[in-house]
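First up is the structure itself, then whatever we jot down about it.
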There are 4 protein chains.
Amino acid sequence: MDSKHSHRSEETKKAILTTAGKLFANKGYDAVSMREIAKQAKCSHTTIYLYFKSKESLLHQLSMPSLTQLKLKMQEIVQSNTLPPEKKLKEMSNQFIHFCLNNKNLHTIFINAKSTRVDEQKPELEINQIRLEIFSIMKNTLGECLSLPNDDQLLAYSRIFFYNLYGILSTYSYQHEPTEVLLERLIPTFGLSVEILILGFKANLKLVEGEG
Amino acid sequence: MDSKHSHRSEETKKAILTTAGKLFANKGYDAVSMREIAKQAKCSHTTIYLYFKSKESLLHQLSMPSLTQLKLKMQEIVQSNTLPPEKKLKEMSNQFIHFCLNNKNLHTIFINAKSTRVDEQKPELEINQIRLEIFSIMKNTLGECLSLPNDDQLLAYSRIFFYNLYGILSTYSYQHEPTEVLLERLIPTFGLSVEILILGFKANLKLVEGEG
Amino acid sequence: MDSKHSHRSEETKKAILTTAGKLFANKGYDAVSMREIAKQAKCSHTTIYLYFKSKESLLHQLSMPSLTQLKLKMQEIVQSNTLPPEKKLKEMSNQFIHFCLNNKNLHTIFINAKSTRVDEQKPELEINQIRLEIFSIMKNTLGECLSLPNDDQLLAYSRIFFYNLYGILSTYSYQHEPTEVLLERLIPTFGLSVEILILGFKANLKLVEGEG
Amino acid sequence: MDSKHSHRSEETKKAILTTAGKLFANKGYDAVSMREIAKQAKCSHTTIYLYFKSKESLLHQLSMPSLTQLKLKMQEIVQSNTLPPEKKLKEMSNQFIHFCLNNKNLHTIFINAKSTRVDEQKPELEINQIRLEIFSIMKNTLGECLSLPNDDQLLAYSRIFFYNLYGILSTYSYQHEPTEVLLERLIPTFGLSVEILILGFKANLKLVEGEG
DNA sequence: CATGAATGAGTGTTCATTCAT
DNA sequence: GATGAATGAACACTCATTCAT
């Protein structure tokens, strides 16, 4: 009996999470109402509050798994032995952009981190940590590409690398075009930007070495 | 006699503009309410409507002067005969970043396509036009650097160039550090990023030509 | 269990309808605010939106049932075989007045063209249609009385007939006297007015025919 | 010097009254804003408050002269020796309808009389008195038409007569069509209605006398 | 005498959230 | 475990009115 209950409960919660995830991603956090989520998840809007303290908390609980998943993907790519480092980096960038554009809502979390009330800062920290880990993985892969140790030079380069990614995101995050369409159209450009940066880094390295 | 009146009026208007600029930049256009602006500008929310026809018009009046000024600076640089194109582009990038960071993060407005519904009237179009002009000026300068005609290749490169700039802006816009300090510390990195991109473009061009 | 809920809900909705009806009639649609309705209906103004999509829809739902009922009564009278046409018309007029006065002065809504923007959607059109149907039924009955075909002459006469009815309504709608008392006292006058109009129409017809 | 001042002052006041009158009549009391009046009267909106305590008071001061004028017109018609009583009544009805449709705003005064604050009830009473006088003039003229003394019979008839007028007003007061256009189109119908009523009254009189 | 600056109360509407069931 | 009913706060915006000049 209990199991049946809790089973249903689990299902409802999952439905809410799935629906909210889809809606947040498609329309943006602000543009989605609790009632809308409830309707699509086929439950009452009050039911959501049984599982999530607030809309914000729903967003948080929603983001962690996605971010974790992204991190896992990154790690998979790292461990793939078949890909040359440059391809790895390209693939990572694609994944990163894909993920961020598909989770437009995450912006609000990343950016408004500071506004989180002090008494619930733990999830924040977790999110931040994963962000740093992802950053680190990509920096290392860039190091591989350029045969560079983990030094200040690499840090500077990877910053520039991330400028490019953030620039892409900030350019396209608020576009109203459906994400998939957008991506299909733009992925080649993004790939090109990665290639060019690597070429640029290498060329710059030669210059620097020449000087040194 | 009148001067006291008009002086007060000027001050109020300025306070509204300043406050709105700060708030829009920090929280995004949608997330800021007229009452919030009014409260921080220490006036009634209805007072805002004395000076600005609507929230959207406030945004517009807020963005236009800065953008126009930026465009003028860009044109000055273009016309300078003493600088080689690469230096011009670097200088433009500096100006661009300087300007966006100094105009308290209005870059969200500049970059953000959100406030630019295509089917709306003139105001946004003006903003958009200036944005396009600035983009165009820099694209042309990049063309000079790479000895490229104004074709699709150049367009793709200049997009990538802008990703870098936007990425820089979105990374540092929310920093609490005073802008000047920030800039002094980071300008070298930004310069480096421009250099690397140009190197990358050139290297990529050789590859493409080799192929062709 | 549910019954308590749904009971309360029914009551609230009814309270809103009643209150809105009274207020619209007394002060006019535009002059009544949702908050005012809510306050008098002893609920929050947002509660209204639980039951009615908008202010306009509230007006609509308020008018439709009464109007429909009135139309049905009219049709009954038409089909009665025992009454001579003149009596039918008198009875219809009585019903019309009765109804409008009883439905707390909704006549402002019925008569008032204001809420009937032509370029709007269905709801007002429905109301308008019923209004026209009622008008049509009475016009036809007037035609029977005067042995007139459905031509412009009849249209002109029936307009005048309706002026009389509307005049009665606009005269007595704002009286504070309870409707029933009012009606008992005035019904003879109203009857007289119908008689006089019919006499007048007939006399006028003779004149017109004499001319022709 | 003083005279110049007070001259200007008078002019301003007159401009305000004229403009407000026009606007109230064309758009209705509620739909006109003080700023709109001021702009068209070429003064500041605050200036209006130098001459009129409030918007409502402006409406009142505006209505009295018009009503008085209407009364005067009625009296002129009464005293005209050339017109037969029936023509007089027709002309009076025309004037009445004309006036009321041209001063749509007066509705709010007539109808909302009760809502006037106690401490300024004098104008109310004045207005009411004039209304009664006008009613009386027309009743007497109707008496002339029907060769009836000022008894209950005449009172009943004149009530019916006014139902017709009020019906016309309530039908067309809220039309958005410009008044003049409306009137040109409808005046014939109104004339017909007066004729028919008189015919009806006469016929009814014969019936009553036959009975008696 | 006249005005520009400023405001509080109000409009319809939406939303996340709570409470009783 | 789940829900319908209900609400207060907020949104952009308008208005009649007041105050200092």
Side-chain angles (χ1 to χ4, degrees), chain A residues 2 4-9 12-13 30 32-38 43-56 58, chain B residues 1-13 30-38 42-56 58, chain C residues 1-13 30-38 42-56 58, chain D residues 2 4-9 12-13 30 32-38 43-56 58:
Chain A
D2 240 355
K4 213 173 190 177
H5 257 182
S6 71
H7 177 58
R8 181 130 114 84
S9 158
T12 308
K13 185 172 181 180
D30 282 337
V32 175
S33 81
M34 293 299 258
R35 283 184 145 82
E36 200 177 352
I37 297 169
C43 67
S44 160
H45 56 285
T46 56
T47 301
I48 302 180
Y49 289 91
L50 295 178
Y51 300 104
F52 305 96
K53 221 192 67 184
S54 68
K55 194 184 175 190
E56 200 172 343
L58 174 53
Chain B
M1 331 228 152
D2 246 353
S3 77
K4 216 169 192 174
H5 254 170
S6 67
H7 177 59
R8 185 132 103 91
S9 164
E10 284 288 307
E11 267 187 358
T12 308
K13 185 171 182 180
D30 282 336
V32 175
S33 82
M34 293 300 258
R35 282 178 153 86
E36 197 178 356
I37 297 170
K42 276 161 202 212
C43 68
S44 161
H45 60 282
T46 57
T47 300
I48 301 180
Y49 290 92
L50 254 41
Y51 300 101
F52 306 94
K53 221 192 62 186
S54 66
K55 193 185 176 189
E56 200 149 348
L58 174 52
Chain C
M1 331 230 152
D2 246 353
S3 77
K4 214 169 193 174
H5 254 170
S6 68
H7 177 60
R8 184 131 105 89
S9 165
E10 284 289 308
E11 267 187 359
T12 307
K13 184 172 183 179
D30 281 337
V32 175
S33 82
M34 295 298 258
R35 285 175 158 83
E36 197 178 356
I37 297 170
K42 276 161 204 213
C43 68
S44 162
H45 61 283
T46 58
T47 299
I48 302 181
Y49 289 92
L50 253 42
Y51 300 102
F52 306 94
K53 220 192 63 186
S54 67
K55 194 184 176 188
E56 199 151 349
L58 174 53
Chain D
D2 240 355
K4 212 173 188 177
H5 257 183
S6 70
H7 177 58
R8 180 131 114 84
S9 159
T12 308
K13 184 172 181 178
D30 282 336
V32 175
S33 81
M34 294 298 259
R35 283 184 143 82
E36 199 177 352
I37 298 170
C43 69
S44 161
H45 58 283
T46 55
T47 302
I48 302 181
Y49 290 92
L50 295 177
Y51 300 104
F52 306 94
K53 221 192 65 183
S54 68
K55 194 185 176 188
E56 200 173 342
L58 174 54

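A note on names: the letters A, B, ... follow the listed sequences, proteins ahead of strands, and every chain is numbered from 1. The analysis underlying the following values was restricted to heavy atoms, covering all of them including side chains, and did not include hydrogens, waters or symmetry mates.
- Taking only side-chain nitrogens and oxygens, D:Thr47 never comes nearer than 4.0 Å to OP1 or OP2 of E:dC1.
- Residue B:Tyr51 places at least one side-chain N or O under 4.0 Å from the OP1 or OP2 atom of E:dA6.
- A residue-by-residue look at C:Thr12 and A:Ser44 shows that A:Ser44 has its nearest nucleotide of DNA chain F further toward the 5' end.
- Under the side-chain contact (heavy atoms from CB on, under 4.5 Å) criterion, D:Thr46 pairs with D:Ser44, sequence neighbours left out.
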Reading nucleotides 12-17 of chain E from the 5' end, what letters show protein touch, with B for base, S for backbone sugar-phosphate only, - for no heavy atom under 4.0 Å?
BBBBBB
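- A cation-pi geometry, defined here as NZ or CZ lying under 6.0 Å from the six-membered ring centre and within 45° of its normal, holds between A:Lys13 and A:Phe52.
- For the residue pair B:Ser9 and B:Tyr51, a side-chain donor N or O sits within less than 3.5 Å of a side-chain acceptor on the partner.
- Across all strands, C:Phe52 comes closer than 4.0 Å to no nucleic acid atom at all (heavy-atom distances).
- The two residues C:Glu36 and C:Ala31 make their nearest non-hydrogen contact at OE1-O, 3.8 Å.
- One finds a side-chain N or O of B:Ser9 lying less than 4.0 angstrom from the OP1 or OP2 phosphate oxygen of E:dA5.
- When base pairs are accepted only as Watson-Crick or G-U wobble with both N-N or N-O distances under 3.5 Å, DNA chain E takes part in stems of 3 or more pairs at E:2-21 with F:2-21.
- In this structure, C:Ile48 atom CD1 and F:dG8 atom P are separated by 13 Å, rounded to whole Å.
- Nearest heavy atom pair, residue C:Cys43 against residue C:Ile48, reads SG-CG1, 4.5 Å.
- We find that CG of D:Leu50 is positioned 13 Å from C1' of F:dT21, with the value rounded to whole Å.
- By the 4.5 Å heavy-atom criterion applied to side chains, C:Leu50 and C:Thr12 are not counted as neighbours.
- Summarising the geometry of D:Met34 relative to D:Lys55, their closest heavy-atom pair is SD-CG, 3.6 Å, with the distance given to 0.1 Å.
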